[in-house]
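Have a look at the structure below, then the notes.
The figures here come from the full heavy-atom set of this structure, side chains too, leaving out hydrogens, waters and symmetry mates.
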Amino acid sequence: MSVRRGSTLATGALALAAALVVPSPAAGQAAGTGGSTPPKALTVYVRNWTRVESWRFFQPPAGTAADPDYTFVANRLQLGAERHTRRYDFVAAAQYVQFGGLPADAGAPAPLGPMGTGALYYAQGGQTAASRHLYLRYLNVRLKDLSPGWSIQAGRMAYTSGAESPSGNAKIEAVKRQRVDSKLLGEFEWSHYQRGYDGIRTDVDRKGYHVTAAVMRPTQGGFEDNAGVHIRRVNVVTGTVAVKPGPHLRHSDWETFVVRYDDSRAVAARPDNSGQAASQVDAHITTLGTMLVGAYPLSPARQMDVLVWTAWQTGDWYGQAHRAGAITVEGGVQWTSPRWKPWIRGGFTHATGDKDAADARHGTFFQVLPTVRKYSLSATYSVMNLNDGFVQILATPRPNVSLRLDVHRLSLATAADRWYYGSGATQKAGTVFGYAGRPSRGFTDLGTVAEGAVDYRFSPRWSVNGYFGVFNGGDVVKQNFTGGTRPLTFGYLEHVLQF
């Protein structure tokens, strides 16, 4: 079995991790003479994910040479080492991904495009049913307490927007993990190749607030098998100021944020409703926003949560003035005393679309570099030109079992724009932007999605999770695909080991 591009870099990371595992004689002597074992400063870990995915996509029109029904398997293995001391943290990890049975015929010509994740992996993986790659996932150092509460991190790192400042409140953090994290910037975590960020980040943490600033470039990844390659023509600058729960903001976490995105990649694609071709990307967008997450006790056995997230965008999109926005309003109630601890939530998201393809203004909300599946478990749409009303039920029948059921009612914000899907930049050059769109054909009804997920943890190191979703297409789907009564179904089963 050959190892694809990036193996030299990843092998170097593995060697570095191995070197860190071997303690120096001086360290061993110090431990022996001290009469006690010092805190462990090094952790070496292995994590492995094996997932089987099965797709039955919407039926393409007659005569389309594409098969929307398929199943494939993939494995992701990560080896890493972390050293944590009072003055610095060091993280290094390499990752190996391999597929089996990717579909060669699940991609249709534009505007239908790829039908499910298997088609995306195949198209961006050198058109092989057994795509594979070994690459550097993380390599960074964080210097701590340069002054009280001030740290600087540099290298290839993780970055998750919305998670820069832990609130210290478990309920608030649970809402943020599900409905805020990675909404604009994320690691594309659910995809096997994922995404990293090369850059520098600084944090100032105080009792009542937290400030974060970062300058970064993403790596290739997501569905692109040549993962880990630095994308030098995408620049991201971001900053957040978070006010923690305290005497002046009881049971609430408030954050303001800004993200600047500049993209001039040699990618011949333009994902909008203009119908115009492009030889390279020309997008320069600033996103300004704010978020409030609250968790408020109603009684000893009930707790209410509230989320308000809003963003406004300005900038330039292929020479057009870009003006767009999005807003999310959600709420829920959890009963904490019953065995199942049921948690019922609901809410609505509106992300603007472009109302006139012929004018000089682009109005489609741009989701930047998110982890799209946090907001679309079916991975079939993005938070762009979208209205999404949902109801959600979560439960924990046992401490090691988590259940989730969602129902989403979806429509396009404007019929003049498109049905978008994707998760941001995956290639530094080529024809894949990272977002694509299917035409609305004058309709707005996208459909209804019902989906459920279960997570069973046998032990802290061993778990299994599964998902199944049904997408009943509305008028937008029926105008693009035949067999309008045939729903899209998607399911997977994943096995996770870590030690």
Distance flag, aromatic centroids of F481 and F57, threshold under 6.0 Å: yes

F223 ring center near F188 ring center (under 6.0 Å): yes

Least distance between heavy atoms, I172 atom then A295 atom: CG1-CB, 3.9 Å

Side-chain donor-acceptor contact under 3.5 Å, Q313 with T287: yes

ring-ring contact (aromatic ring centres under 6.0 Å, His included) partners for H192, two or more places apart: F99, Y121

Steps toward side-chain contact (heavy atoms from CB on, under 4.5 Å) verdict (F471, F490): CA-CA 9 Å; F471 189 162; F490 165 48; over 6 Å; no

Worked check of salt bridge (charged side-chain N to carboxylate O under 4.0 Å, His left out) between R361 and D359: CA-CA 6 Å; R361 175 171 171 164; D359 65 9; over 6 Å; no

Under 3.5 Å side-chain donor-acceptor pair for N48 and N75: yes

Check: E330 and F390 side chains under 4.5 Å, non-hydrogen atoms: yes

Flag for W419-N480: side-chain donor and acceptor within less than 3.5 Å: no

F366: ring-ring contact (aromatic ring centres under 6.0 Å, His included) partners, not counting sequence neighbours: Y261, W317, Y435

Shortest non-hydrogen contact from L112 toward P61: CD1-CD, 3.4 Å

Polar side chain donor-acceptor pair, S264 to Q280, under 3.5 angstrom: no

Distance-only donor-acceptor check, side chains Q498 and Q78, under 3.5 Å: no

Spacing of CG belonging to D356 relative to CG belonging to D417, to within rounding of 0.5 Å: 11.0 Å

Lys/Arg N to Asp/Glu carboxylate O, R409 vs D445, below 4.0 Å: yes

Contact check, side chains of S402 and R457, non-hydrogen atoms, under 4.5 Å: yes

CH2 on W190 to OG on S376, rounded to 0.5 Å: 10.0 Å

N/O donor-acceptor pair under 3.5 Å between S191 side chain and Q194 backbone: yes

Option passing side chain to side chain contact (heavy atoms under 4.5 Å, CB included) with D316 (candidates D282, T286, I285): D282

Gap between atom OG1 of T414 and atom CG of L386 - 0.5 Å precision: 12.5 Å

R232, CZ atom: more than 12 neighbouring heavy atoms under 6.0 Å: no

Carboxylate-amine/guanidinium contact D69 R486, below 4.0 Å: yes

Between E255 and T290, a side-chain donor and acceptor under 3.5 Å: no

Interatomic spacing from OH in Y420 to CE in M384 - rounded to 0.5 Å: 6.0 Å

Donor-acceptor side-chain pairing of H362 and D354 below 3.5 angstrom: no

Check ion pair D272-R418 (N to O, under 4.0 angstrom): no

Exercise: do Q427 and Q220 side chains pair donor with acceptor under 3.5 Å: no

CG-OG distance between L446 and S411, expressed to the nearest 0.5 angstrom: 8.0 Å

Any donor-acceptor pair under 3.5 Å from N387 side chain to G389 backbone: no

Aromatic centroids of Y135 and Y96 separated by under 6.0 Å: no

Inter-residue atom distance L184.CG - Q367.CD, 0.5 Å rounding: 7.0 Å

Contact check, side chains of F365 and I327, non-hydrogen atoms, under 4.5 Å: no

side-chain contact (heavy atoms from CB on, under 4.5 Å) between T352 and H350, worked out: CA-CA 6 Å; T352 61; H350 169 72; 3.8 Å; yes

Pair R179-T328, side-chain donor/acceptor within less than 3.5 Å: no

Side-chain H-bond candidate by donor/acceptor type, T117 with W55, under 3.5 Å: yes

Aromatic ring pairing Y159/Y197, orientation class (parallel under 30°, perpendicular over 60°, tilted between): perpendicular

pair L185-T238: side-chain heavy atoms closer than 4.5 Å: yes

Pairs flagged by salt bridge (Lys or Arg N to Asp or Glu O under 4.0 Å) wherever residues 180-201 is involved - sequence neighbours left out: R137-E187, R156-D198, R201-D203

Any donor-acceptor N or O pair under 3.5 Å, side chains E164, H210: no

Test item: S182 and P370 side chains (from C-beta on) under 4.5 Å apart, heavy atoms: no

Side-chain heavy-atom pair D253, K176 within 4.5 angstrom cut-off: yes

Donor on one side chain, acceptor on other, N472 and T448, under 3.5 Å: no

Nearest atoms (heavy-atom pairs only) where L136 meets A93: CD1-O, 3.5 Å

Shortest non-hydrogen contact between P60 and T482, atoms and distance: O-OG1, 2.9 Å

Minimum side-chain heavy-atom gap W343-Q392 below 4.5 Å: no

Working for side-chain contact (heavy atoms from CB on, under 4.5 Å), residues V259 and V236: CA-CA 7 Å; V259 177; V236 178; 4.2 Å; yes

Residues S378, Y467; criterion side-chain contact (heavy atoms from CB on, under 4.5 Å); working and verdict: CA-CA 9 Å; S378 63; Y467 164 87; 3.8 Å; yes

K428 atom NZ, neighbour heavy-atom count above 12 within 6.0 Å: no

Test item: side-chain donor near acceptor, R270 and Q276, under 3.5 Å: yes

Heavy-atom neighbours of W254 CH2 exceed 12 at 6.0 Å: no

Smallest separation among heavy atoms of L369 and P218, with atom names: CD1-CG, 4.0 Å

Pair D262-N235, side-chain donor/acceptor within less than 3.5 Å: no

P114 side chain near Y421 side chain, heavy-atom distance below 4.5 Å: yes

Y193 and S131: side chain donor to acceptor below 3.5 Å: yes

Modelled atom types, side-chain donor and acceptor of D388 and H408, under 3.5 Å: yes

Heavy-atom neighbours of K355 NZ exceed 12 at 6.0 Å: no

